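Computed from a prediction, not measured in an experiment: that's the story for all the values here.
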Amino acid sequence: MSSQAVELRESYVADYQPVDGQVFDYRPVPVLAVISMVLGVLSVMAFFGIFGMAVALLGGIPISAISLLLILRSRGELGGLWLATLGLACSVLFLGSGVLWQRHLYVNEVPAGFARTSFTNDISKKGFVTIDGQQRVHPDIEKLVKKPIFVKGFMYPTGQTE
């Protein structure tokens with residue numbers, strides 16, 4: 001900063017008179033504080049799946065923490081402390097409750113008496129076997145016949161066997 005600019009600033013500060021006893025106290029808010037609040041609100045997506053949990057865990061919490069450190073280290077020169085704190089609180093709250101909600105859904109989606117079965121891993125990958133020249137279902141899959149199993153998803157019936 002040039003000496004002329006410093007003198008101008010000092011004279012302005014010395015000549016400043018508050019209007020009606022009110023002092024204009026502006027402190028800039030870091031962009032990270034605003035971003036942390038936005039990510040904190042977006043963390044509500046943790047109730048809907050893993051992407052929302054990633055937003056909270058990889059975005060909202062670290063950015064809020066960095067923003068809080070930046071504001072606290074500025075010694076009062078930066079504002080937005082409440083914004084960064086609220087962003088961090090939302091991220092932590094929605095991440096924790098979203099994880100608990102997803103766990104609850106997973107544990108309670110299989111009806112009582114049924115076994116959880118993955119179509120991809122337990123059925124599809126086993127495929128068919130050829131026994132005595134005849135194509136048959138894999139023996140592990142035959143064990144599932146007439147047993148109560150729970151398969152999640154949708155299968156498009158194409159009529160193809162391969």
Side-chain angles (χ1 to χ4, degrees), residues 23-162:
V23 177
F24 179 70
D25 186 27
Y26 173 76
R27 292 180 299 159
V29 176
V31 175
L32 283 180
V34 177
I35 292 172
S36 72
M37 185 60 203
V38 170
L39 289 173
V41 171
L42 289 176
S43 295
V44 76
M45 293 186 304
F47 284 101
F48 303 109
I50 194 79
F51 178 74
M53 293 176 204
V55 167
L57 187 63
L58 302 175
I61 293 173
I63 290 180
S64 296
I66 292 168
S67 178
L68 281 171
L69 285 174
L70 180 69
I71 293 168
L72 292 174
R73 287 185 178 173
S74 73
R75 297 184 181 149
E77 291 181 13
L78 294 175
L81 182 64
W82 63 271
L83 197 61
T85 304
L86 194 58
L88 179 63
C90 286
S91 293
V92 170
L93 174 73
F94 290 142
L95 175 63
S97 55
V99 166
L100 290 175
W101 176 249
Q102 291 298 323
R103 182 186 178 284
H104 168 77
L105 291 178
Y106 180 79
V107 168
N108 294 310
E109 76 178 342
V110 178
F114 284 75
R116 183 183 307 273
T117 306
S118 167
F119 178 78
T120 304
N121 296 329
D122 300 331
I123 298 173
S124 179
K125 285 186 179 177
K126 305 230 174 165
F128 294 97
V129 293
T130 304
I131 301 175
D132 297 328
Q134 289 185 340
Q135 192 174 23
R136 302 190 68 183
V137 175
H138 194 279
D140 291 345
I141 298 173
E142 283 185 14
K143 293 177 186 176
L144 298 175
V145 174
K146 295 187 181 180
K147 286 189 178 179
I149 63 169
F150 179 82
V151 180
K152 184 177 180 180
F154 175 77
M155 294 178 6
Y156 180 71
T158 62
Q160 297 177 336
T161 58
E162 295 182 15

Roughly how far apart are Leu39 CG and Phe94 CZ, rounded to 0.5 Å? 12.5 Å
Taking the side chain as everything from C-beta on, heavy atoms only, tell me whether Arg136 gets closer than 4.5 Å to Glu142. yes
Inter-residue atom distance Ser91.OG - Leu58.CG, 0.5 Å rounding: 11.0 Å
Please name the pair of heavy atoms, one in Leu95 and one in Ala46, separated by the smallest distance, quoted to 0.1 Å. CA-CB, 4.3 Å
Rounded to the nearest 0.5 Å, how far does NE2 of His138 lie from NZ of Lys125? 13.5 Å
If we only count heavy atoms from C-beta on, is the Leu70 to Leu72 side-chain gap below 4.5 Å? no
Starting at CD1 of Ile35, measure out to CD1 of Ile66 and round the result to the nearest 0.5 Å. 10.5 Å
Exceeds 12 heavy-atom contacts within 6.0 angstrom, atom CD of Glu77: no
Might you point out which heavy atoms bring Ile71 and Ser74 nearest each other, and give the distance in Å? O-OG, 2.7 Å
Would a 4.5 Å heavy-atom cut-off, applied to side chains only, mark Cys90 and Ser43 as touching? no
Close side-chain approach of Leu83 and Ser36, heavy atoms under 4.5 Å: no
With a 4.5 Å heavy-atom cut-off, do Leu78 and Arg27 have their side chains touching? no
In Å and rounded to the nearest 0.5 Å, what is the OG to CE distance from Ser64 to Met37? 9.0 Å
Could you give me the CA-CA distance, side-chain angles and deciding distance for Met53 and Gln102, then say whether side-chain contact (heavy atoms from CB on, under 4.5 Å) is met? CA-CA 10 Å; Met53 293 176 204; Gln102 291 298 323; 3.2 Å; yes
Side-chain donor-acceptor pairs under 3.5 Å in residues 108-120, sequence neighbours left out?
unit_1	atom_1	unit_2	atom_2	d
Asn108	ND2	His104	O	3.1
Asn108	ND2	His104	ND1	2.8
Glu109	OE1	Lys152	NZ	3.0
Glu109	OE2	Arg116	NH1	2.5
Arg116	NE	Tyr106	OH	3.3
Arg116	NH2	Tyr106	O	2.7
Thr117	OG1	Ala115	O	3.3
Ser118	OG	Asn121	N	3.2

From CD1 (Ile149) to CD1 (Ile141), nearest 0.5 Å: 9.5 Å
Within a reach of under 6.0 Å around CZ of Phe48, are more than 12 heavy atoms found that belong to other residues, nucleotides or ligands? no
